[in-house]
Chemist: 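Got a structure for you, written out below as C-alpha cells; questions coming shortly.
Residue numbers start from 1 in every chain, and the chains themselves are labelled A, B, ... in the order their sequence lines are given, proteins ahead of strands. Predicted, not measured: the structure shown is a model, and the values here were computed from it.
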Amino acid sequence: MFNPIEGSVNFPQQELAVSQFWKEHHIYETSLEQRKGAPSFVFYEGPPTANGMPHPGHCLTRAIKDLFPRYRTMRGYRCERKAGWDTHGLPVEVEVCKELGIHSKEEIEAHGIEDFIQKCQQSVWRYMREWERLTERIGFWVDLKNAYATYHRSFVESVWWSLKNLFDRGLLYQGHKIVWWWAQGGTALSSGEVGLGYREVADPSVYVKFPLLDDAGNVTDTSLLVWTTTPWTLPSNQFAAVRPDLEYSVLSTEHEGKSEKLIVATALVDTIAAKTKRAFVVESTLHGRDLWGRRYIPPFHCYYKLFGSKTGKISDGRDVSTAWRVLITGFVTFDTGTGIVHIAPAYGEDDYAELLDQQRVFESGEIPRLLNPVAPNGKFTDEGPEYCRGRWVKDCDRDIIRDLKQRGLLFHQEQYVHEYPFCWRAEQDPLIQYPRRSWFIRTSQFKDEMLANNAQINWLPEHVKTGRFGKFLETNVDWALSRERYWGTPLPIWKCEETGKMEAIASYDELMAKPGVAGGEVWEAAKKKNPELPDDLQVHKPYIDAVTYDSPYAKGARMRRVPEVIDCWYDSGAMPFAQWGYRGEPEASAPGALGKSPLPNPPHQGEGIGSTAAQNFHAQFPADFISEAIDQTRGWFYSQLAISTLLFGKEQGARSTEKDSSELHAPSSTLHAPFPHPFRNCIVLGHMLGEDGQKMSKSKRNYREPTEIFDRYGADALRWYFFANQPPWTSIRYNEQAIKDSVPEFLLRLWNVYSFFVIYANIDGFDPSKGVRGQGSGVRDLSSSFLATAKSYRPVGERSELDRWILSELNRTCAAVVERMDAYDNFGACQRISEFVDALSNWYVRRSRDRFWAADKRAVEKLDAYWTLYEALVTTAKLVAPFVPFVAETMWQNLACAGLGAGGWRLSVNAASSPQAPFPSPQESVHLCDYPTGDSTVVDQALSERMNLVRIIASLGRNARNAATLKVRQPLAKVEVILADTKHQGWLEQHADVIKEELNVKALDFCDDPSLYVEHEVVPNFKLLGPKLGKLLPKVKQWLGQQTGAELLANIRDNGQIDVTLDGQTLGLTHDEVEVRIKPKPGWTSANDQGVVVVLSTALTPELVAEGLARDVVRLIQDLRKDTGCDYTDRIEVGLVTDAVDLAAAITQNRDYIAGETLASSVVDKPIAGVEPVQAKLMNHDLAIYVRVVK
RNA sequence: GGGCGCGUAGCUCAGUUGGUUAGAGCGCAGCCCUGAUAAGGCUGAGGUCCCAAGUUCGAGUCUUGGCGCGCCCA
C-alpha cells in the first residue's frame, strides 16, 4: 500500500519535510560515503560574502552549483562540496563604519584599529544564518560545517605562503599607481567597486588658455586652448598634448575689444565657435607634430616659479624643459574638447603613463617630477594656490575658475553632464584619481601562459574564452595587489627600517622563529583580556603589525611589517589551495612535487576529506566544475587563473627589475601541476535583473525575497524555472509569473501522473514488492532487472504497444538527458524531460485509463499497465532528482520505500540492516541511486515514429472536429486519413482502434483515392539538391510547381525518378531528392500537418445521435456520482425518466453501456423511491435522474 | 571611447553544421473532455526574426555597417 496522496498538493510544505528528512538521515553525507574510492568530480565553491542579504540572483548560482554535483554523484562520482565564505575587504569595513557612525580612515584610527578589526570579524557572519537557510532551502548540498573562510588563520597563512613564493621569485614589486581614490575614506577602490558608483553629474567644463612662449622664452599673443572638466587639476598641469598627424588651426578672434590668437584642432573649430558664440578667422593651419616641444605658461604658478626654467638633456642631445611643453601622444580624441589635452600626471592614469615616458626620455640634467599639491585626504596642501589650501579639491573648482577669469585665462565655461564615479558605499563622495605607492604582481609577464591555460578551459557559453575573458587576458596589466586598509590578509612583508630591504614570511611560526622577535605579547595581552577572541585574529592587524625582529641587513635595525593588506580577490583566487591551508607541502603520491617537510595540519581543517592539506589539495585540483555570474570574469575567474598560473605553472625564471625590491631568495617549492588552469569547466551565468529590467535593488523593490518565493511556489519551482526556461548564461529578468508557471507546466503534471498511479494502485492493491526476489546489482535502485523478478511482471516485449512505446520513450529520454548533462547543458536536458513527462501524462496515462479501470484486478493487461507506469515513475524520480530534488524524493519515498512494504522512511532504513529482510531495501533516498542512463535494447525508434504519427492524427482529428463544431461525445461514422508517406500505413491500420477511440469514430479508412480530398505538391529537397544543382535549383522548383502532383508521383512510382528537362539538360530526381507535400482541397473539414491529412465524415445517422445522447447521459450521471460524494468503487442504482421519445429510445438502446460506464447495477426508466431527482436538459429534452448508492 | 553580449509573437524565452511553412509557455479568444477533476486537452488570432547592404541556388542563422539595450572597462 502506498501512502495516499492528499487532495491538493502543497509543494513548499512537502519540501520542508524532505529537507528535514535529508538532515536527519544524513543523506548528503551518505551520498559521499557511498562513493568512497570512486573517481572525483571536483567542485569549487566561489565564496560569497555573508555580510549582505541573499537575493534571487544568488538562488540561481546556488541552484546551478547544486545541479551538476548532484548529477555527477548519481553518475558514480565522489563530489566533495566544501562551502566557503569571502570575509575580507572594504564592504565589511564600510558596514562597520556605518554601525559606528564614522567615515574616514582617520576616524577609524581614532576609534582604534583593534576594536575595529574585531567588529569586522563579527560582522562577516551577520547574514550567515540567512545564507545558510537559503542554501538549505533551495536544496544546495554543500558542507557548511567545514566551510573555509578567508580570514581563518590557515587560509591567511596559505595565502602568505603563495605570496612569499611570488616575492622570492621577484614577482611582487612596489610601484606607483594612479588609483580611483576615495579621499574621505582614505582608500583606493578596485575597478569593480568604481564601476558600481558611476553616476551622471554636471561638472564645470572650462576652456583655458595656455599662452605659448617663443624660442627666447617671451610670451607670444598665441595660446593653446585646452579643455578640462576638473579645474582643480590645473595647478598640477605639467604638459599639453596634441596628436601628431592631426591638423590644428591658428585662429584669431576678438574678445572684449582685444584680439587674441588660439590654437585648436581644425575638426573642432566649428563646434567651439558654436558653443562660445564667437567668430573665428583661421589664420593658418599646422600639424600637431609642428607644435612638439613648444613651451607655454601654465595656468598656475605654484610650481612654475620652482621648475619653470629647469631643463634636461634628451637622447638627441637637446636641452628641453622638464615641464609645460607640448607633447605628442596618441590618446588625444576629437569628440569633445579642443584637441589639446591638459596633462596632470598625478590625477590620470594616461597622464601618469605620459610622465613615466617623459622621465625615460631624459638622459641627464633634471628630469620631470610628479607634481601633486593635494594631500591623500583630498585637500590642497601648501603647494596649491593660496585660496585653495586645506580645502577639498572639488570645492575649489569655482574659485579656480573665478581666478582664471580674473587673470584673463578663461576662454569659456559651461556645465558638462557626464558619468563620474562616486564611492559606491558613501554615495555623496566623488572619487578622484590619485597617485599611491602600491604593490604589484607581475602578471603581465605571464600573459602567454595565462592564455594557454585559458585555452584549456571549457567555457559555457563558449564565447567567454576568446571574448570577454580572453580579451581581458590579452590586455593584462600587473595586478595591483595592495590596499591601504585594515580588514584583509596582511601583506606578509617585513622591511628593514634602516636599509629598506625586505623579506616575505610564509607563516606565523616562521615569523616567531626569527631572531630577536618581539611584539607577540600584544596579541597575548588582547587574548588574556578577552579569551573569546578568535585565534584567527592573531594574523591580522593590528596584532601582526606589532611583531618585529632583528634585521639581517643592518645591525641594530628592526624589521617591521609594511602597512598594507591585500586585495580580497587574491584571497578568493587562492581558494583552490588555501581552502585546505596548503603551504607547498609535498604529497607523497604527487609526482614532481618538491618542497620542505610536511607541516602539521593547520587549524580550521575540520573533518575535511583527507588527512593532510597537501593530500586534499592534490586530490582536489583542478576543479572539474565551477560556476558564477559573468561579473566574476575579472574577479574570481581571473584571480584563480592568474594565481594558479604564476604558482603552479612552469618556472619563468622571472627576475625583478624594480630597483627597490629586496634581494632574491631561493624560490620556495612550487607544484608543477599538469593542469595549471584551476578549473576545467565553467558555466558563466547571466545576470538576473529585476522585474522592470533594472538591476535588482532593495530600494526599487523590483524583486521578491527568496524566502517568499520558496513559501509561495517552492524551491523546485524556482529551480525548474532556472534550469528549464533558458540556457544559464542568458540574462533573465526576474519573472514571478514564469516561476509560478513552472508548477503546472512541469511539477504538477508529473505530480498528477504520480498521484493517479497511487490512487489506482491502492484501489487495486498493486504491490510491486510482492513476489520480487531480486539479488545483486540494481536491487537497491529498483532497476528493471530487479523488478522483472516479480511474478506478475511480464517482459516488456510481451506487453502492449503503448507500454513498449512509453518505456522506449523513457529510455530514449534517459540517454538524451545523460548526453546533455555530460555536456553541461541543463536546458537541453530539461527540454527532453519535459517532453517525456508530457508524453507520459497526456498520452500514456490518457490512453491507459481503461486498463486501470478494468474490473478484473488480475488481468495481465492491467498488471502490465501498473508495472509500466511504476517503472516509468520510479525512473523519472531518479531522472529528475538533480533538477527538482524535493519532489523526486517525495515520489521515491512513496513509490520505492513505502510501496515496497517497508512501511515508511524510517522503517526502510531499518530494513536495510535487517538480515531478515526478504531482499535488500531500496535506497534510503533517491539521491543515493545511480542515475538512469537508458537501456538501448528497450528503445524502439520505429515505434516512436509511429506513435508520434498516431498522436498527430488524433490531434488533427480533434482539430477537424473543432472546425466542424462536432463535439467528441458525438460519435461519427468514419475518419479518413491520407498520408504523404505511406511507410507506416500498414502499422496504422493495425492500430486503428486507438485513433477510433480518441476521435470517437466507428471506422478508420485510409483513402484509396486521395485525390478526392487532397492535392499533392512536389518540392525539391533543398538540402540535397542545393549543392548538386546550384543556380538551377530555383528553376527546378518552379518547374515542379507547374506539374501536377499526381503525375509526378506516378513518375516516381513507375520509373523510380522524375525526369526534368530544363535548358536542354535532363535531370533525374530520385525519391529522396524531392519532398511530397499534401494539402487538402478546399471545402473539406480536414486538417493537415506534417504530411498527414485527416478528413472526417460529418454525416450523422439516428444510431449515432442516440449514442451521442447516451454519452451525454453517462456524463450527467458521473457528475451526480461526484456531487453525492460516491467513492470510486461504489455501485449505484439509476433511474432515468423522460417524456422525449428519442431520448428514451437512446437510453434503452444503450442501457448496458450506461450501466457499465457509471458502475450502475441497474438502469431503469422510472423514479427510485425516496430519491430526489436531478433535473437536466439534453437537446431540449427534460430528463430526471435518480441515483442511489447500493449498500 | 573600447571590448563582449543581446535584439525573434502582447509578455518571458527557444531556434541544433544556412535548406524555403520560425517554435514553446503565459496572456487573449473560442471550444472540448470529465472519477488525475480546485486538474487536463484542442484550436485560433498574433511575426517586416531591429534596420540596411553583402555572400549564397537559398539567410532568423554567415559578413559588414547602422540603431537600440545590457554588462565590463576607460
Side-chain angles (χ1 to χ4, degrees), chain A residues 5 7-8 191-192 194-195 331 333-336 348-350 419 461 463-464 466-472 474-475 629-631 633-635 686-687 689 693-695 721 724-727 729-735 737-738 740-742 744-746 748-749 751-760 763 825 827-828 831 834 841-842 845-846 849 852-853 954-963 965-969 1000 1019-1037 1075 1077 1079 1087 1089-1090 1114-1115 1118-1119 1121-1122 1126-1130 1157-1159:
Chain A
I5 291 166
S8 65
S191 55
V194 174
F331 71 74
T333 57
F334 299 94
D335 50 333
T336 49
E349 220 174 318
D350 289 337
E419 296 276 310
H463 61 72
V464 175
T466 51
R468 193 179 278 220
F469 196 70
K471 287 280 187 324
F472 174 62
E474 276 163 20
T475 55
I630 184 79
D631 56 288
T633 310
R634 284 148 202 257
H687 268 291
L689 302 171
Q694 305 279 314
K695 223 176 189 167
Y721 160 67
N725 267 44
Q726 62 279 310
W729 46 84
T730 313
S731 340
I732 43 173
R733 283 191 191 194
Y734 169 77
N735 185 346
Q737 188 59 41
K740 201 175 173 179
D741 289 344
S742 68
E745 269 168 39
F746 178 71
L748 197 55
R749 188 176 284 168
W751 186 263
N752 282 335
V753 176
Y754 157 71
S755 152
F756 176 91
F757 170 82
V758 170
I759 289 170
Y760 287 99
I763 288 175
D825 175 12
F827 178 62
Q831 283 182 318
S834 265
S841 167
N842 288 327
V845 170
R846 178 189 165 85
R849 275 191 286 215
F852 290 108
W853 293 337
S955 165
L956 292 177
R958 280 192 293 266
N959 185 1
R961 272 188 172 274
N962 213 37
T965 57
L966 286 164
K967 60 188 175 185
V968 178
R969 237 175 291 145
N1000 193 18
V1019 292
N1021 180 332
F1022 290 97
K1023 209 163 189 172
L1024 279 177
L1025 288 178
K1028 187 173 163 188
L1029 299 181
K1031 289 192 185 201
L1032 217 50
L1033 188 53
K1035 288 181 183 169
V1036 171
K1037 182 190 177 189
E1075 197 181 317
R1077 292 180 188 166
K1079 57 179 183 194
D1089 191 23
Q1090 302 190 34
V1114 166
R1115 176 74 242 297
Q1118 298 285 35
D1119 277 352
R1121 280 185 64 111
K1122 249 191 290 178
C1126 274
D1127 206 17
Y1128 294 120
T1129 48
D1130 284 345
E1157 287 294 306
T1158 59
L1159 288 185

Chemist: Would you please name every residue forming a side-chain hydrogen bond (donor to acceptor under 3.5 Å, both in side chains) with A:Lys1035, sequence neighbours left out?
Modeler: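 Per chain and number, A:Lys1035 pairs via side-chain hydrogen bond (donor to acceptor under 3.5 Å, both in side chains) with A:Asp1063.
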Chemist: Is A:Ser731 near enough to B:C13 that one of its side-chain N or O atoms lies under 4.0 angstrom from OP1 or OP2?
Modeler: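 No, outside the criterion.
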Chemist: Sequence neighbours excluded, which residues qualify as side-chain contact (heavy atoms from CB on, under 4.5 Å) partners of A:Leu1024?
Modeler: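 So A:Leu1024 forms a side-chain contact (heavy atoms from CB on, under 4.5 Å) with A:Asn1021, A:Asp1072, A:Glu1073.
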Chemist: On the side chain of A:Ser834, is there an atom forming a donor-acceptor pair with the base of B:A24 - under 3.5 Å, no angle test?
Modeler: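 No.
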Chemist: Could you list the residues that satisfy side-chain contact (heavy atoms from CB on, under 4.5 Å) with A:Asn1000, not counting sequence neighbours?
Modeler: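 Partners of A:Asn1000 by the side-chain contact (heavy atoms from CB on, under 4.5 Å) criterion, ordered by chain and then number, come out as A:Arg961, A:Val968, A:Pro971, A:Arg1111.
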Chemist: Parallel under 30°, tilted from 30 to 60°, perpendicular over 60°: which one fits the rings of A:Phe756 and A:Phe852?
Modeler: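 Ring orientation, 0 to 90° scale: perpendicular.
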Chemist: Determine the Euclidean distance between corresponding P atoms of B:C49 and B:C4; express it in Å to zero decimal places.
Modeler: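 Looking at atom P only, B:C4 and B:C49 are 27 Å apart.
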Chemist: Who pairs with A:Arg849 by side-chain hydrogen bond (donor to acceptor under 3.5 Å, both in side chains), at least two apart in sequence or on another chain?
Modeler: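 So A:Arg849 forms no side-chain hydrogen bond (donor to acceptor under 3.5 Å, both in side chains) with any residue.
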Chemist: B:A24 C1' sits how many Å from A:Arg749 CZ, rounded?
Modeler: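 For the pair A:Arg749 CZ and B:A24 C1', the rounded distance is 11 Å.
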Chemist: Give each protein N/O atom lying under 3.5 Å from an N/O atom of nucleotides 56-62 of chain B, with the pair distance.
Modeler:
| unit_1 | atom_1 | unit_2 | atom_2 | d |
| --- | --- | --- | --- | --- |
| B:C57 | O4' | A:Gly1030 | O | 3.1 |
| B:C57 | O4' | A:Lys1031 | N | 3.3 |

Chemist: Got a sec, which residues hit side-chain hydrogen bond (donor to acceptor under 3.5 Å, both in side chains) with A:Arg634, two or more places apart in sequence or on another chain?
Modeler: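 Not a single residue meets the side-chain hydrogen bond (donor to acceptor under 3.5 Å, both in side chains) criterion with A:Arg634.
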Chemist: Check side-chain contact (heavy atoms from CB on, under 4.5 Å) between A:Thr730 and all other residues, then give those that pass, not counting sequence neighbours.
Modeler: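 Here the qualifying residues are A:Gln726, A:Pro727, A:Ile732.
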Chemist: Which residues satisfy the ring-ring contact (aromatic ring centres under 6.0 Å, His included) test with A:Trp751, sequence neighbours excluded?
Modeler: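 Counting only residues at least two positions away or on another chain, A:Trp751 forms a ring-ring contact (aromatic ring centres under 6.0 Å, His included) with A:Phe11, A:Tyr754.
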Chemist: Enumerate the protein-to-nucleotides 28-32 of chain B contacts in which both atoms are nitrogen or oxygen and the separation is below 3.5 Å.
Modeler:
| unit_1 | atom_1 | unit_2 | atom_2 | d |
| --- | --- | --- | --- | --- |
| B:G30 | N2 | A:Asn962 | ND2 | 3.4 |
| B:C31 | O2' | A:Asn962 | OD1 | 3.1 |

Chemist: Report all interatomic pairs (protein N or O, nucleotide N or O of nucleotides 63-69 of chain B) with separations under 3.5 Å.
Modeler:
none

Chemist: Restricting to side-chain hydrogen bond (donor to acceptor under 3.5 Å, both in side chains), what partner residues turn up for A:Asp1130, sequence neighbours left out?
Modeler: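 So A:Asp1130 forms no side-chain hydrogen bond (donor to acceptor under 3.5 Å, both in side chains) with any residue.
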Chemist: Excluding sequence neighbours, so at least two apart, what forms side-chain contact (heavy atoms from CB on, under 4.5 Å) with A:Gln831?
Modeler: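 Scan of A:Gln831 (side-chain contact (heavy atoms from CB on, under 4.5 Å), adjacent residues dropped) gives A:Phe827.
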Chemist: Below 4.0 angstrom from OP1 or OP2 of B:A14, is there any side-chain N or O of A:Trp729?
Modeler: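 Negative; the distance criterion is not met.
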